[in-house]
Amino acid sequence: MDLVVCGIAGRMGGAVARVIQQTRGVKLVGAVDRPRSPRVGKDVGEVVGFGTLGVPVSDNIGALLKGNVAIIDFTRSAVSLGYLREAAKREVSIVIGTTGFTAREWHEIKRLSRRTRVLVAPNMSVGVNLLLGLLGGVARSLGEDYDVEIIEMHHRFKKDAPSGTALALGRAIAGEWKRDLNKVAVFGRKGPVGERGKKEIGLLAVRAGDTVGEHTVIFGGLGERIEFVHRAHSRETFARGAVRAAQWLVKQKKGLYNMQDVLRLRPSS
Ligand code: NAD
């Protein structure tokens, strides 16, 4: 399968390019980054640090979407939407790992996914998706008397907060308890905030050094506390997930999917 990687000069773009090189049956045929970037025109191998691949970095995705290609994108929300529009025009499959989409952007993603195969996942790791699949059942068994707090930690360069994964974890629990996360989320606390509200779901974003990504979900009861912790050791885990997602996505019908679908953690509709 031929792949085009968007955001090739970024932390995730580089990891995806390295994983593609190590994976049988997939080939990097194109790479894109920001217009006017000094990397445009250079060889991808040089940009991501492994020799020469004979694939130049481009700033024009349209020219690369020929034949049977699929896109893997880790950039920024507005940029990803631009790539998605190009993919939809040509019915090219696209895996989007970018996080931080607004409600309006999600609306646009849903609309465009009627025209091609789209997979969006704020976290491509198997472990996080397994946790996402488990949390509804945990919340159901424990019942609503447990307080939920979610703490996430990422590297100092991360641009959005809280992480898309923390929000997805919160939604998995809120959904089970028929709560709207937008209404019950509390993003950190300060000052005389009073007692914790019964329906609150707390989210706290920590930014420190080069932390790849950690999420802790706490269910606090009276007399006990249960914690689920996921730690990503390297970006490769996300990159491997993205390549696996692309291999799966090209075989699907047009529509919007996530990693739960790839890992068969969600019953197909
Ligand atoms: P980064 O800043 O290292 O890389 C972003 C890349 O996008 C850069 O190469 C930048 O040049 C490029 N870019 C910016 N503007 C552009 C434009 N206008 N056109 C083309 N390219 C442009 O960031 P990162 O750490 O690689 O993360 C990228 C995204 O992926 C973030 O949203 C992050 O939260 C998300 N992420 C998701 C997962 C997951 O598993 N889904 C894992 C890690 C990171």
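Whatever order the structure lists ligands and atoms in, that order sets their numbers, starting from 1. All values below were derived from every heavy atom in this structure, side-chain atoms included, with hydrogens, water molecules and symmetry-related copies excluded.
- Summarising the geometry of Ser93 relative to Leu249, their closest heavy-atom pair is CB-CD2, 3.9 Å, with the distance given to 0.1 Å.
- Nearest heavy atoms, Ile71 versus Ala87: CD1-CB, 3.9 Å.
- By the 4.5 Å heavy-atom criterion applied to side chains, Val92 and Val69 are counted as neighbours.
- Under a 4.0 Å heavy-atom criterion, Ala121 is in contact with ligand 1.
- From the protein, the heavy atom lying nearest to atom 40 (O) of ligand 1 is Met124 N, 2.8 Å.
- Protein heavy atom closest to atom 35 (C) of ligand 1, with residue, atom name and distance, is Gly97 O, 3.6 Å.
- When hydrogens are left out, the protein atom nearest atom 38 (C) of ligand 1 is Phe74 CE2, 3.6 Å; that is the closest non-hydrogen contact.
- Inclusion of Arg34 in the set of residues having an N or O under 3.5 Å from an N or O of ligand 1 is warranted.
- Residues Leu53 and Val16 are members of one and the same hydrophobic cluster, defined by side-chain heavy-atom contacts under 4.5 angstrom among Ile, Leu, Val, Met, Phe, Trp and Tyr.
- Close contacts of ligand 1 with Met12, meaning ligand atoms under 4.0 Å from a residue heavy atom, involve 26 (O), 43 (C), 44 (C).
- The protein non-hydrogen atom at the shortest distance from atom 29 (C) of ligand 1 is Thr75 O, 3.3 Å.
- Among protein heavy atoms, the minimum distance from atom 34 (O) of ligand 1 is reached at Thr99 OG1, 2.7 Å.
- Not a single heavy atom of Arg235 lies less than 4.0 angstrom from ligand 1.
- Few gaps surround CZ on Arg189; more than 12 heavy atoms of other groups in view lie less than 6.0 Å from it.
- Heavy-atom distances between Asn123 and ligand 1 reach below 4.0 Å in at least one pair.
- One hydrophobic cluster holds both Leu3 and Val95 under the rule that ILVMFWY side chains link at heavy-atom gaps under 4.5 Å.
- Heavy atoms of Val79 found under 4.0 angstrom from ligand 1 belong exclusively to the side chain.
- Between Cys6 and Tyr83, the closest heavy-atom pair is CB-CE1, 3.4 Å.
- For CZ of Arg225, the number of neighbouring non-hydrogen atoms (other residues, nucleotides, ligands) closer than 6.0 Å is 12 at most.
- More than 12 heavy atoms of other residues, nucleotides or ligands shown are found within 6.0 angstrom of NE2 on His155.
- Of all the atoms in ligand 1, the ones that sit under 4.0 Å from a non-hydrogen atom of Lys158 are 34 (O).
- Given atom 4 (O) of ligand 1, the protein heavy atom at minimum distance is Gly10 CA, 3.2 Å.
- For the pair Phe101 and ligand 1, no heavy-atom separation below 4.0 Å is found.
- For atom 1 (P) of ligand 1, the nearest non-hydrogen atom of the protein is Arg11 NH2, 3.6 Å.
- In Pro122, the part holding a heavy atom less than 4.0 Å from any atom of ligand 1 is the backbone.
- Under a cut-off of 6.0 angstrom, the local environment of CZ in Arg39 is sparse, with at most 12 non-hydrogen atoms contributed by other residues, nucleotides or ligands.
- Assignment of Lys159 to the shell around ligand 1 is supported, since a heavy atom sits closer than 4.0 Å.
- Residue Leu203 comes nearest to Ala185 through the heavy atom pair CD1-CB, 3.7 Å, listed as atom of the first residue, atom of the second, then distance.
- Here is the list of ligand 1 atoms found below 4.0 Å of a heavy atom in Thr98: 30 (O), 32 (O).
- Of the protein's heavy atoms, Asp33 OD1, 3.6 Å lies nearest to atom 12 (C) of ligand 1.
- Heavy atoms from other residues, nucleotides or ligands lying under 6.0 Å from CZ of Arg18 number more than 12.
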